[in-house]
Amino acid sequence: MSDFFTHCHEQAGWCRELGSPFTAALCEAFAQSAERGGIVAELAATIAPPHRKRASALRLAGALHYAVLSGRSPDLSNLYPKGSTDWQMSEIWPVAEAYLEADRDHVEAFITSDPQTNETRRSIALLPGFLEIAERFGSPVHLVELGASAGLNQTLDQFCYSGPNWRIDGGGDVEISTEWHASALSGVFPKVQSRAACDLNPIDLRQEEAQWRLKSYTWADQSERLARLDAAMMLALEAGTRVEKADAAEWLERKLATRPKSGTAVVFHSVFLHYPPTAVRAKITDLIAAAGDQATFDRPLAWLCMEPDSVFENDNPRLGMFRVQLQTWPSGEVQTLGYTDGHVTYFEAG
């Protein structure tokens, strides 16, 4: 259990840094409970290590939040913060531990899946790239998204973005802002002519259970994130967003081979590329490069991503930082647009 214990305390530190003292306290409670043995230790043992890579603590936190959202545990729901700071872990944990024991079969099944947050605030980190694509190539663009989860960022052109002295209004109800330490943005999001997305385990928002699962991985004391997620889910449902269940490399090969004869194809993703095996990651990179070799100014290609800095070829990666990078063809030019964290609580120029 030492690996799980260390992971929980490390995750608690990250949660605290990202503004969720509740989830931090919950992760610490997991560690303390696992050290004593019992249900948390038994559940953790069902998750193949390493626990940091598996985000085991967040799987358990998600299972508890799901119980609150779905009504599986009314007792827990009465104590959970629901965006409030008025909570006591000393009151919550005994009820949470009892729930894990009582509904063990459901919890075990729940934690077999990787956490999927579909954090829509990542779109503001990608926004400089889309504005650069619009300025360089004009419209239209064809969105090709990898690891799209529920596909919420398929409608990122309809979000409203703002910084300290700028605003890009997409006309929708999803409002996104962050601490902005870069030049003010201006311009118009390119017109989207087609949208396509894939995921190994896509979330179908037409199912209420799927909505609960997606929300369960958003930390319970972060009301702004939860409200933004609700608005983004509604927008995706209204737009009829669909995400294909597919292996990313195989799907991308088909999409690039059949991409439209005009307009800019934009392959994009956020916090995805470090999940596939090394061979799959290499194939994705090779496919994009090969398609780039065939690009022309009338039929350009763009690759826009937000990924851990360690994913990129880099002798000195900025640990814990996420790089936003844009590469465009036919020139093949690579631009580092900026850096942020996993929840995009800030954005700084590259």
Side-chain angles (χ1 to χ4, degrees), residues 3-4 6-8 10-11 13-15 17-18 47-59 61-62 111-126 129 144-153 197-203 214 217-218 243 245-253 266-289 302-327 334-348 350:
D3 178 36
F4 179 73
T6 300
H7 157 64
C8 286
E10 182 180 52
Q11 183 64 61
W14 291 336
C15 291
E17 286 182 15
L18 290 170
I47 304 172
H51 288 287
R52 174 201 269 185
K53 182 176 178 62
R54 304 293 183 187
S56 299
L58 297 184
R59 292 179 188 229
I111 64 177
T112 59
S113 299
D114 293 328
Q116 289 181 286
T117 55
N118 210 160
E119 179 56 62
T120 52
R121 190 155 60 177
R122 291 172 185 158
S123 62
I124 198 171
L126 299 174
V144 181
E145 186 181 8
L146 306 177
S149 187
L152 300 186
N153 284 337
C198 77
D199 196 279
L200 269 180
N201 296 292
I203 294 176
L214 190 60
Y217 295 118
T218 300
V243 178
K245 181 178 177 64
D247 171 83
E250 295 173 1
W251 181 85
L252 181 61
E253 187 170 21
V266 183
V267 179
F268 76 104
H269 47 86
S270 56
V271 196
F272 155 75
L273 202 58
H274 65 301
Y275 287 114
T278 303
V280 175
R281 188 187 310 168
K283 183 177 180 181
I284 289 170
T285 302
D286 291 345
L287 285 168
I288 296 172
W303 181 14
L304 175 61
C305 61
M306 172 194 151
E307 296 292 346
D309 199 38
S310 57
V311 164
F312 301 92
E313 292 184 7
N314 187 358
D315 292 334
N316 297 295
R318 302 173 68 174
L319 298 180
M321 300 281 280
F322 290 73
R323 186 195 303 187
V324 182
Q325 179 171 291
L326 172 66
Q327 186 168 11
V334 179
Q335 296 171 267
T336 296
L337 301 176
Y339 291 90
T340 184
D341 58 31
H343 289 184
V344 193
T345 61
Y346 68 91
F347 180 87
E348 63 181 43

For residues 272-280, run the donor-acceptor check on the side chains, cut-off 3.5 Å, and write out each pair with its distance to 0.1 Å, sequence neighbours left out.
none

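Here the side chains of Val344 and Ile124 are in contact, with some heavy-atom distance below 4.5 Å. Residues Asp3 and Pro50 are in side-chain contact: their nearest non-hydrogen atoms beyond the backbone lie under 4.5 Å apart. Proximity of Val267 to Glu145: side-chain heavy atoms (C-beta onward) are nowhere separated by under 4.5 Å. Taking 4.5 Å as the limit, some side-chain heavy atom of Trp251 sits within range of a side-chain heavy atom of Val144. Proximity of Lys245 to Asp199: side-chain heavy atoms (C-beta onward) are nowhere separated by under 4.5 Å.
Closest non-hydrogen pair, Ala150 versus Asn118, comes out as N-OD1, 3.1 Å. A pairwise comparison of heavy atoms in Tyr346 and Tyr339 identifies CE1-O, 3.8 Å as the closest pair. The nearest pair of heavy atoms linking Ser310 to Pro317 is CA-CB, 3.7 Å. Between Ile284 and Ala248, the shortest heavy-atom distance links the atoms CD1-CB, 4.0 Å. Looking at every heavy atom in both residues, Ala57 comes nearest to His7 through N-NE2, 3.0 Å. Here the closest heavy-atom approach between residue Cys198 and residue Val243 is recorded as C-CG1, 3.6 Å.
Applying the salt bridge (Lys or Arg N to Asp or Glu O under 4.0 Å) test to Glu348 and every residue at least two apart in sequence or in another chain returns Arg318. Scanning for side-chain hydrogen bond (donor to acceptor under 3.5 Å, both in side chains) contacts around Glu10 gives Arg52, with sequence neighbours left out. Scanning for salt bridge (Lys or Arg N to Asp or Glu O under 4.0 Å) contacts around Arg54 gives an empty result, with sequence neighbours left out. Annotation: side-chain hydrogen bond (donor to acceptor under 3.5 Å, both in side chains) contacts of His269 (sequence neighbours excluded): Trp303, Glu307. With sequence neighbours left out, the side-chain hydrogen bond (donor to acceptor under 3.5 Å, both in side chains) criterion links Thr345 to Asp341.
Taken from CG in Asn153 to CD in Glu119, the straight-line distance is 9.0 Å, to the nearest 0.5 Å. The structure places OG of Ser149 at 11.5 Å from CG of Leu200, a figure rounded to the nearest 0.5 Å. Considering OG1 of Thr117 and OH of Tyr217, their distance stands at 10.0 Å, rounded to 0.5 Å. Between the CG atom of Leu58 and the CD1 atom of Ile111 there is a distance of 12.5 Å, given to the nearest 0.5 Å.
Formation of a donor-acceptor pair under 3.5 Å by the Arg59 side chain with backbone atoms of Pro115 is not found in this model. Asp309 places no side-chain N or O within donor-acceptor distance of the main-chain N or O of Met321, the cut-off being under 3.5 Å. The backbone N or O of Gln325 sits nowhere less than 3.5 Å from a side-chain atom of Thr336 that would complete a donor-acceptor pair.
Sparse packing is recorded around NZ of Lys53, with 12 or fewer heavy atoms of other residues, nucleotides or ligands lying under 6.0 Å away.
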* Could you give me the CA-CA distance, side-chain angles and deciding distance for Gln327 and Ile288, then say whether side chain to side chain contact (heavy atoms under 4.5 Å, CB included) is met? => CA-CA 10 Å; Gln327 186 168 11; Ile288 296 172; over 6 Å; no

* Candidate pair Cys305 and Phe312, rule side chain to side chain contact (heavy atoms under 4.5 Å, CB included), full reasoning -> CA-CA 11 Å; Cys305 61; Phe312 301 92; 3.8 Å; yes

* So Leu214 and Leu152, side chain to side chain contact (heavy atoms under 4.5 Å, CB included) or not? Walk me through it. -> CA-CA 11 Å; Leu214 190 60; Leu152 300 186; 4.1 Å; yes

